[in-house]
Amino acid sequence: LPLLVFVFLAQPLHRQLVTKNSRVFATVLLVSAATVVFAVNLLNTIGYLSRFEASASYNPRWSPEIYSLSQYINEHGLEAQGIICVDWGLHNQLHALAPKKLQRRMHDSWPTFQTIAQKDHSTKGTPLTDIFPKGKTLALTFAASKETFPETRRNFLAVLASHPQLKSRLVTSFWSGNEKIYEVYEVERSPTNRPFLR
């Protein structure tokens, strides 16, 4: 668009100039200005396009691998009693990409896992039966070093290790290039009558 403006302005200006020297100077000036504008636009366009390259690095919270994770959850989520997001930055995206029947099973549990280690072990704290109902639960988290709040993943793994009622396994991981971004755990609570609180 700026180049078209230069063309339309250059013609009447070129006719108004009387001497040959002034016409040559005006032509050189306008061509130089048009070249600079074209070069700046070209550099901006190259900058925008470079952001779309497959090798571009992403903040883990905004990785395009969220679509692969969402597809996996949408295919396997109905087999689980619940789907919990262990860290901040997962739930809203996955909830928006999930079908309505699956959205009801999704829970954002990062506040619980962020503070669960601070609770007094001698008193009743957060009932983990709410987070892990009987049966299978899918737990989604960022890979190590990709967490928003590192303590959420650490506390989640500590809860799994300290409660024998919870059987867990890493089901799958999602990678972007050579970096692991997301992990999906399957957590199964055995149907015992013993309540467990943290």
Side-chain angles (χ1 to χ4, degrees), residues 58-176 178-198:
Y58 293 91
N59 182 314
R61 288 184 293 283
W62 315 121
S63 170
E65 281 304 308
I66 195 73
Y67 296 109
S68 300
L69 176 61
S70 173
Q71 182 179 357
Y72 180 87
I73 296 305
N74 292 348
E75 290 172 3
H76 300 281
L78 292 174
E79 301 165 10
Q81 299 299 317
I83 301 160
I84 62 166
C85 296
V86 174
D87 200 357
W88 184 91
L90 290 167
H91 180 262
N92 288 348
Q93 298 176 75
L94 294 171
H95 191 268
L97 294 168
K100 285 192 187 287
K101 59 185 176 183
L102 191 57
Q103 289 177 345
R104 291 186 290 269
R105 297 180 187 210
M106 301 178 99
H107 306 285
D108 203 2
S109 300
W110 72 267
T112 301
F113 286 109
Q114 187 179 30
T115 59
I116 202 164
Q118 300 167 0
K119 299 197 181 300
D120 183 6
H121 298 293
S122 63
T123 62
K124 291 184 177 181
T126 304
L128 293 177
T129 52
D130 292 345
I131 297 172
F132 301 109
K134 289 180 183 174
K136 184 169 70 171
T137 300
L138 291 180
L140 318 174
T141 186
F142 289 109
S145 80
K146 302 290 187 283
E147 309 100 325
T148 306
F149 298 110
E151 62 272 16
T152 57
R153 183 175 190 278
R154 186 173 54 244
N155 292 341
F156 165 70
L157 295 174
V159 164
L160 295 179
S162 63
H163 289 87
Q165 302 94 326
L166 299 175
K167 305 294 182 209
S168 67
R169 68 183 180 98
L170 178 63
V171 179
T172 188
S173 303
F174 292 87
W175 296 69
S176 178
N178 293 327
E179 291 186 295
K180 188 193 298 188
I181 305 295
Y182 307 114
E183 294 177 339
V184 179
Y185 288 84
E186 183 180 283
V187 181
E188 191 154 355
R189 181 163 72 90
S190 57
T192 60
N193 293 327
R194 291 180 300 160
F196 60 105
L197 301 166
R198 183 86 170 155

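This is a predicted model, so every value here is computed, not measured.
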*Within the side chain of Q103, is there an N or O that forms a donor-acceptor pair under 3.5 Å with the backbone of H95?*
yes
*Side chain of S162, backbone of A158: donor and acceptor closer than 3.5 Å?*
yes
*Any sub-3.5 Å donor-acceptor pair from R189's side-chain atoms to F132's backbone N or O?*
yes
*Would E79 and K136 count as a side-chain contact (heavy atoms from CB on, under 4.5 Å) if you check the C-alpha gap in whole Å, the side-chain angles of each, and the deciding distance to 0.1 Å?*
CA-CA 8 Å; E79 301 165 10; K136 184 169 70 171; 3.5 Å; yes
*Look only at the side chain of N155 and the backbone of F113, and say whether a donor-acceptor pair between them is shorter than 3.5 Å.*
yes
*Is a side-chain donor or acceptor of E75 paired with a backbone partner of I73 at a separation under 3.5 angstrom?*
no
*asked:* Between H163 (side chain only) and V159 (backbone N and O only), is there a donor and an acceptor less than 3.5 Å apart?
replied: yes
*asked:* One pair to check against side-chain contact (heavy atoms from CB on, under 4.5 Å): Y72 and V171. What are the steps and the verdict?
replied: CA-CA 11 Å; Y72 180 87; V171 179; 2.9 Å; yes
*Of all the heavy-atom pairs spanning A80 and T137, show the shortest one and how long it is.*
CB-CA, 4.3 Å
*Hey, what do you get for OG (S68) to CH2 (W175), rounding to the nearest 0.5 Å?*
14.0 Å
*So, for H76 and L138, which heavy atoms are closest and what is the spacing to 0.1 Å?*
O-CD1, 4.0 Å
*Taking the six-membered ring for Trp and the full ring for Phe, Tyr or His, determine whether the centres of F149 and W110 are under 6.0 Å apart.*
yes
_Between S63 and F174, does the side-chain contact (heavy atoms from CB on, under 4.5 Å) criterion hold? Intermediate values first, please._
CA-CA 10 Å; S63 170; F174 292 87; over 6 Å; no
_A side-chain contact here means heavy atoms from C-beta on lying under 4.5 Å apart; do F142 and L90 qualify?_
yes
*Reported CG-to-CG distance for the pair L94 and D108, which is rounded to 0.5 angstrom*: 10.0 Å
*Mind listing the closest non-hydrogen atom pair of V86 and T152 along with its distance?*
O-CB, 3.3 Å
*Is it true that a side-chain atom of T148 and a backbone atom of W88 form a donor plus acceptor pair closer than 3.5 Å?*
yes
*Start with the C-alpha gap between E179 and K146, add the side-chain angles, then the distance that decides, and say whether salt bridge (Lys or Arg N to Asp or Glu O under 4.0 Å) holds.*
CA-CA 9 Å; E179 291 186 295; K146 302 290 187 283; 3.4 Å; yes
*asked:* Does any part of the side chain of T112, heavy atoms only, come nearer than 4.5 Å to the side chain of D130, both counted from C-beta?
replied: no
_Show the nearest heavy-atom pair for residues Q81 and G135, with the distance to one decimal._
CG-CA, 4.2 Å
*Would you check if the distance from the ring center of F156 to the ring center of Y185 is below 6.0 Å?*
yes
_Straight-line distance of C85 SG to M106 CE, nearest 0.5 Å_ = 5.5 Å
*State, to 0.1 Å, how close G77 and I83 come at their nearest heavy-atom pair, and which atoms those are.*
CA-CD1, 3.8 Å
_Pair Y67, E65: side-chain N/O donor-acceptor within cut-off below 3.5 Å_ = no
*Side-chain donor/acceptor of N74 to backbone N/O of L97, under 3.5 Å*: yes
*asked:* Closer than 3.5 angstrom, by distance alone: can the side chain of K101 be matched with the main-chain N or O of A98 as a donor-acceptor pair?
replied: no
*asked:* Side chains of L78 and R105, heavy atoms from C-beta outward: is any pair under 4.5 Å?
replied: yes
*Does a side-chain N-to-carboxylate-O contact under 4.0 Å join E188 and R169?*
no
*Report the distance from atom CG of D87 to atom CZ of R153, rounding to the nearest 0.5 Å.*
10.0 Å
*Rounded to the nearest 0.5 Å, what separation is found between the CG atom of L157 and the CG atom of L160?*
6.0 Å
*So, for L170 and V184, which heavy atoms are closest and what is the spacing to 0.1 Å?*
CD1-O, 3.4 Å
*Check whether any side-chain heavy atom of L140 sits under 4.5 Å from a side-chain heavy atom of E183, and report yes or no.*
no
